Amino acid sequence: MQEGFSVDSELQSQTAQDYSCPCTLQSYPSAARRSNSIKADETHARENRRVLPQTAAAGVWPGVSGDAPLALGSSGSQPGPPLPEPPPPLRGRSVPGWGLRVPPARHAPSALLAFRSAAERGRQSGGTGGGAAPLPMAAAAGRAQPGSAPPLLLPPGLREELRQRRRDLRRLEAAAGGGGAAAAGRLGCGDLSRATAVSILGWGFTKVVARAVLEGGGAVALKSVHGAGREVRRCVQRYGAPAGCRRLAAYKVLKEVTLLQRLQHPGIVQLHGQCYENSGDAELRVTAMLELGSPLEMIQLLQTPWEERFKICLSLVKLLFYLAHSPLGSIVLLDFQPRQFVMVDGNLKVTDMDDASTEELSCKEDIDCTLDFPTKSFPLRCSAAGKCEGINEKKNLFNAYRYFFTYLLPHSAPPTLRPLLSDILNATGDLRYGINETMRAFEKVLHLYKSGLYLQKRPLLLKDYISLKGFRTVEGEDYKCWPSYSHLGCLLSIHSAEEAAAICNSQSQCQSFIITQQRTWTGRPLASFQSSWTDLIPDTNAVVYIKRSASSGERL
């Protein structure tokens, strides 16, 4: 993001869209339409978007004409028949070099990263990595540059929609200021031109996502406009102006980059850079380069130990706390779905920010502030400033409850923590808690779990075990327990050897256990429970605990 954004020229030939998703920074609808608007926000992805493996990316924005068509790999500007629906993503399909195109017969994204040659890009960026000094985004998107293509003649409705998106982007840029420019300007068009091993990960309503390896060896995710996506196709069906419709869709990528430049949090995917350029054939190309993550798989999460599932929920709460108090004000994720998140090094991160909004619902009285979900409705208060108090925060929180907490929090939790977890579920499910109260409740559970205060008072059982220092059992497949950190045996998180002894006593197959050097994210050790103790090997850092009943009659 550049400091001191200024946009002096009106869009001479901007295009707009036939797009129902509130993807731009926008005001909520009037009170008469409040319920339908909120429901439409939530159903947008289910109705109109293909599920993507959410690994996104970001790039740099050299000078660009505001009137250039947004033809990411598709140069045709004449209206044509609606494009067919793309097939499922071609995972892992590598396309050598730039000019990444999947044959049209496959109906894949016709316009993924159809950049100019490396030589041309090198001339533009001075032959070095970062690319030319970028213009402010809204200015670059709306101002013609020397040598650019002549203005496009677009339908009035499309021009108006483009102006609206441009105004929304300008407002967001003004709110964001210039704080994120330095952190986000590391990679640019030059770096992108030298990337290799490009493969498509997937695509959705507006954007297509690819994976690429940078010159230094690191991998990034690349996100750009899906020229054959449903947003562009609907716009073309309405206006008959493919180039203008592609330009309209590019504003979503611009908005996402603007947000990611300003919002810095461990729960938000990191922006590595961006590339924004206008080629000689009047094509506007926008690519974002982001941290590469893996799709969030809820079914797999349900099979992980409770401690790991609690970590996911706690990370989400910390993210929502940040969004409620962000530098841009309270931010709502309008398209809140598990598929909008990825896992990066075991950490949950939101990767799709183009449907975020900093605007809260305007109101005249309390009745205007009804927050509707498919199964519940919540009346909120209208503040003296004419805004529905906390509606963004509460919408995020209820979505976290219904998509994450309900499935991940209660199952296989320590028995003494279950009442506290039930309180969290009930309070967030009824929106009796705000994000501040939810954060305190999660921190209380975490403290009890890490400190061992959750453990019930019970008879001391470790006295029934013999300890052998300097030995450990031979690693190998043994009896299994659930949920285990290992698929080969029974590997569980414990607070102490006393707790491990209680666990071993509760399992009929267990005859011994060893406390390993491995630690979980809370700092708790992992204990391996075994059905035998006879296969011992020396290990100066280990201690084996053997049931006295199992060792009686045996020589140790």
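All of these numbers come straight from a predicted model, not from anything done at the bench. Count residues from 1 along the sequence.
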- Could you tell me whether a side-chain N or O of Lys349 sits under 3.5 Å from a main-chain N or O of Gly293, the two making a donor and an acceptor? no
- Can the ring centroids of Phe398 and Tyr433 be said to lie less than 6.0 angstrom from one another? no
- Message: To the closest 0.5 Å, what do you measure between CG (Leu397) and CG (Leu316)?
- Response: 9.0 Å
- Interatomic spacing from CG in Leu380 to CD in Glu389 - rounded to 0.5 Å: 9.0 Å
- Query: Counting only N and O atoms by type, is there a donor-acceptor contact under 3.5 Å from the side chain of Gln264 to the main-chain atoms of Gln261?
  - Reply: yes
- Message: Is it the case that the side chain of Thr428 and the backbone of Leu431 share a donor-acceptor pair, with hydrogens and angles ignored and the cut-off at 3.5 Å?
- Response: no
- Item | Test side chain to side chain contact (heavy atoms under 4.5 Å, CB included) applied to Leu214 and Val220, step by step | CA-CA 7 Å; Leu214 300 176; Val220 295; 3.7 Å; yes
- Qualifying residue for side-chain contact (heavy atoms from CB on, under 4.5 Å) with Val269, from Val350, Leu290, Leu292: Leu290
- Val286 and Lys223: side chain to side chain contact (heavy atoms under 4.5 Å, CB included), yes or no, with the steps? CA-CA 8 Å; Val286 183; Lys223 185 182 290 189; over 6 Å; no
- To the nearest 0.5 Å, tell me how far Phe321 CZ sits from His265 NE2. 9.0 Å
- Looking at CD of Glu359 and CG of Leu172, how far apart are the two atoms once the value is rounded to the nearest 0.5 Å? 10.0 Å
- Any Lys/Arg nitrogen of Asp191 or Arg186 sitting under 4.0 Å from an Asp/Glu carboxylate oxygen of the other? no
- Query: Between Cys382 and Cys363, is the SG-SG gap less than 2.5 Å?
  - Reply: yes
- Query: Is a side-chain donor-acceptor pair under 3.5 Å present for Ser224 with Lys207?
  - Reply: no
- Report the C-alpha separation of Tyr322 and Val317 in whole Å, then their side-chain angles, then the decisive distance to 0.1 Å, and conclude whether the side chain to side chain contact (heavy atoms under 4.5 Å, CB included) test is met. CA-CA 9 Å; Tyr322 174 79; Val317 170; over 6 Å; no
- Query: Any idea which heavy atoms bring Arg402 and Tyr407 closest together, and the distance?
  - Reply: O-CE1, 3.3 Å
- Message: Distance check, rounded to the nearest 0.5 Å: Ile312 atom CD1 versus Phe405 atom CZ?
- Response: 11.5 Å
- Might you point out which heavy atoms bring Val208 and Gly202 nearest each other, and give the distance in Å? CG2-O, 3.5 Å
- Query: Are any non-hydrogen side-chain atoms of Cys388 and Arg381 less than 4.5 angstrom apart?
  - Reply: no
- Task: Report yes or no: does Glu231 contribute a side-chain atom to a donor-acceptor pair with the main-chain N or O of Thr206 at less than 3.5 Å?
- Result: no
- Task: Keeping the roles fixed (side chain from Asn399, backbone from Lys394), state whether a donor-acceptor pair exists under 3.5 Å.
- Result: no
- Task: Could you pull out the closest heavy-atom pair between Val236 and Cys245, with the gap in Å?
- Result: N-SG, 3.4 Å
- Message: Looking at Gly329, is its backbone amide N or carbonyl O close enough to the side chain of Thr358 to form a donor-acceptor pair, meaning the two atoms are under 3.5 Å apart?
- Response: no
- Note on the structure: The salt bridge (Lys or Arg N to Asp or Glu O under 4.0 Å) partner of Glu160 among Arg165, Arg167, Arg166 is Arg167
- Message: Checking Leu296 against Leu301 for the side chain to side chain contact (heavy atoms under 4.5 Å, CB included) test, could you report, in this order, the C-alpha distance in whole Å, the side-chain angles of both residues, the deciding distance, and whether it holds?
- Response: CA-CA 8 Å; Leu296 183 67; Leu301 279 179; 3.5 Å; yes
- Message: Looking at every heavy atom in both Ser330 and Asn392, which two are closest together, and how far apart are they?
- Response: O-ND2, 3.1 Å
- Query: Are the side chain of Glu256 and the backbone of Met353 linked by a donor-acceptor contact shorter than 3.5 Å?
  - Reply: yes
- Can you tell me how far CD of Glu360 sits from CD1 of Ile391, rounded to the nearest 0.5 angstrom? 7.5 Å
- Arg194 with Glu215: basic N within carboxylate O range, under 4.0 Å: yes
- Query: Looking only at atom types and distance, does a side-chain atom of Glu393 sit under 3.5 Å from a main-chain N or O of Ile435, one as donor and one as acceptor?
  - Reply: yes
- Query: Which atom pair, heavy atoms only, marks the closest approach of Lys376 to Gly429?
  - Reply: NZ-O, 3.0 Å
- Measure from the side-chain N and O atoms of Lys395 to the backbone N and O of Leu333, and report whether any donor-acceptor pair falls under 3.5 Å. no
- Query: Asp354 side chain to Val253 main-chain N or O, any donor-acceptor pair under 3.5 Å?
  - Reply: no
